[in-house]
Amino acid sequence: MHTGVQEQQQQHREYQNAGMGTRTIAGARLTTSATVTMTLVAVNVAIFLITAIQAKSLFDNNTARIEQLGELWTYPALGGGEWWRIFTSGFLHYGPIHIAANAFSLWMIGRALEQVFGKIRFLALYFISMLGASTALLLFELPNRPSVGASGAIFGLLGAYAVIVLKLRLNPTSLLINLGINAYITFTIPGISILAHVGGLVTGAVVTFAILYSPERDRARWQAAGLVLITVALVGLILWRTTQIPALTCDFGTNQAGVTSYLCGLSQSG
């Protein structure tokens, strides 16, 4: 009898550790809600529509002022002190195919991961992955090349998915299909940074490792400490990169072709 009770307890622990008990493998309470994912999709679509209306074009929405003020490229972000671009770029898209592909990927991947991580951890995963994608772009991309898209954060979700597949030894077919679709988008749509995708993927995997492999005792605190450490490391890299960029003055102006766009030049101060 005693042995049977022990076996039942062991099975119950394994059931919970697999995410099917009162808590998921990430330590979140069980839920079927995906409100964070739906909100993120809605915000991305709404911002795209705003840029399309402002540009009076679905396909040339990159000419909208809000788009140019939110794109991520090194000169205005670091040289001009426009730090908001690190995150605003993750909610901007070039054309209807770009937004449709990212909205679909976010909806398909985000719903399942939100149920595993819970709302707060899922938001942390999403935005830290976005920060990681932006960090990679600022460190290694050409400083005058703008980039936009939610795909850096989405690749972070794919990195999280990969860690979960490995931890639970799940069938990787769905993961490989998602990676294939997003890789195709990466190489076929202009203005998308491969480096940002790699940065998001790696960051998402590291964040998920910190969440899933935290000690059971005081798990929430260990998880929070791990996420703070990752965030501080990324911010530190960005600050280091900032020291290599001269002070710039950035504003809307007319280029040699007579087109109004966002331009940066050496600051006259000092």
Side-chain angles (χ1 to χ4, degrees), residues 37-77 82 84-111 126-127 129-134 136-138 140-158 177-201 204 250 252-264:
T37 300
M38 290 189 292
T39 301
L40 288 172
V41 170
V43 169
N44 276 280
V45 172
I47 292 176
F48 170 75
L49 293 176
I50 291 171
T51 62
I53 292 170
Q54 192 174 75
K56 298 180 181 179
S57 172
L58 279 175
F59 292 90
D60 294 323
N61 66 305
N62 59 302
T63 62
R65 290 176 70 91
I66 190 175
E67 187 92 5
Q68 295 186 48
L69 283 170
E71 295 171 324
L72 180 61
W73 47 303
T74 304
Y75 284 152
E82 299 176 1
W84 64 81
R85 293 174 179 267
I86 291 172
F87 291 103
T88 56
S89 59
F91 291 91
L92 297 170
H93 294 83
Y94 291 143
I97 296 177
H98 192 194
I99 180 61
N102 277 346
F104 177 76
S105 295
L106 176 55
W107 173 247
M108 293 301 294
I109 304 169
R111 287 179 300 166
Y126 190 86
F127 281 101
S129 295
M130 186 183 294
L131 176 61
S134 295
L137 187 146
L138 292 171
F140 303 112
E141 188 63 271
L142 293 174
N144 61 344
R145 183 188 177 192
S147 182
V148 300
S151 46
I154 293 171
F155 265 79
L157 301 185
L158 288 171
I177 291 174
N178 276 293
L179 282 172
I181 292 173
N182 282 279
Y184 174 78
I185 294 169
T186 299
F187 291 102
T188 56
I189 297 179
I192 299 176
S193 173
I194 298 173
L195 289 167
H197 285 187
V198 174
L201 183 74
C250 303
F252 285 97
T254 304
N255 60 21
Q256 294 178 347
V259 178
T260 300
S261 59
Y262 204 75
L263 305 172
C264 290

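- Between T88 and I66 there is no side-chain heavy-atom pair separated by less than 4.5 Å.
- Using a 4.5 Å cut-off on side-chain heavy atoms (C-beta onward), H197 and F155 make contact.
- If you take OG on S147 and CD1 on I194, they are separated by 10.5 Å, rounding to the nearest 0.5 Å.
- Between L142 and T74 the shortest side-chain heavy-atom distance does not fall below 4.5 Å.
- Aromatic ring orientation, Y126 versus F91: tilted (interplanar angle from 30° to 60°).
- Y262 places a side-chain heavy atom less than 4.5 Å from the side chain of P76.
- Counting heavy atoms of neighbouring residues, nucleotides and ligands inside a 6.0 Å radius, atom CZ of F104 does not exceed 12 of them.
- Residues forming a side chain to side chain donor-acceptor pair (under 3.5 Å) with T51 (at least two apart in sequence, or on another chain): N61.
- Among all heavy-atom pairs drawn from S89 and S134, the shortest one is OG-OG, 4.3 Å.
- Separating the CG atom in L201 from the CD1 atom in I154 is a distance of 12.5 Å, to the nearest 0.5 Å.
- With contacts defined as side-chain heavy-atom distances shorter than 4.5 Å, the pair L137/W73 does not qualify.
- At least one donor-acceptor pair closer than 3.5 Å links the side chain of R85 to the backbone N or O of E71.
- Not a single donor-acceptor pair under 3.5 Å links the side chain of E141 to the backbone N or O of L195.
- In the model, E82 has no side-chain atom that pairs as donor or acceptor with a side-chain atom of Y75 under 3.5 Å.
- For H93 and F48, the gap between ring centers reaches or exceeds 6.0 Å.
- A heavy-atom distance below 4.5 Å is found between the side chains of F252 and Q68.
- Put simply, the side chain of N44 does not reach to within 4.5 Å of the side chain of N102, judged on heavy atoms.
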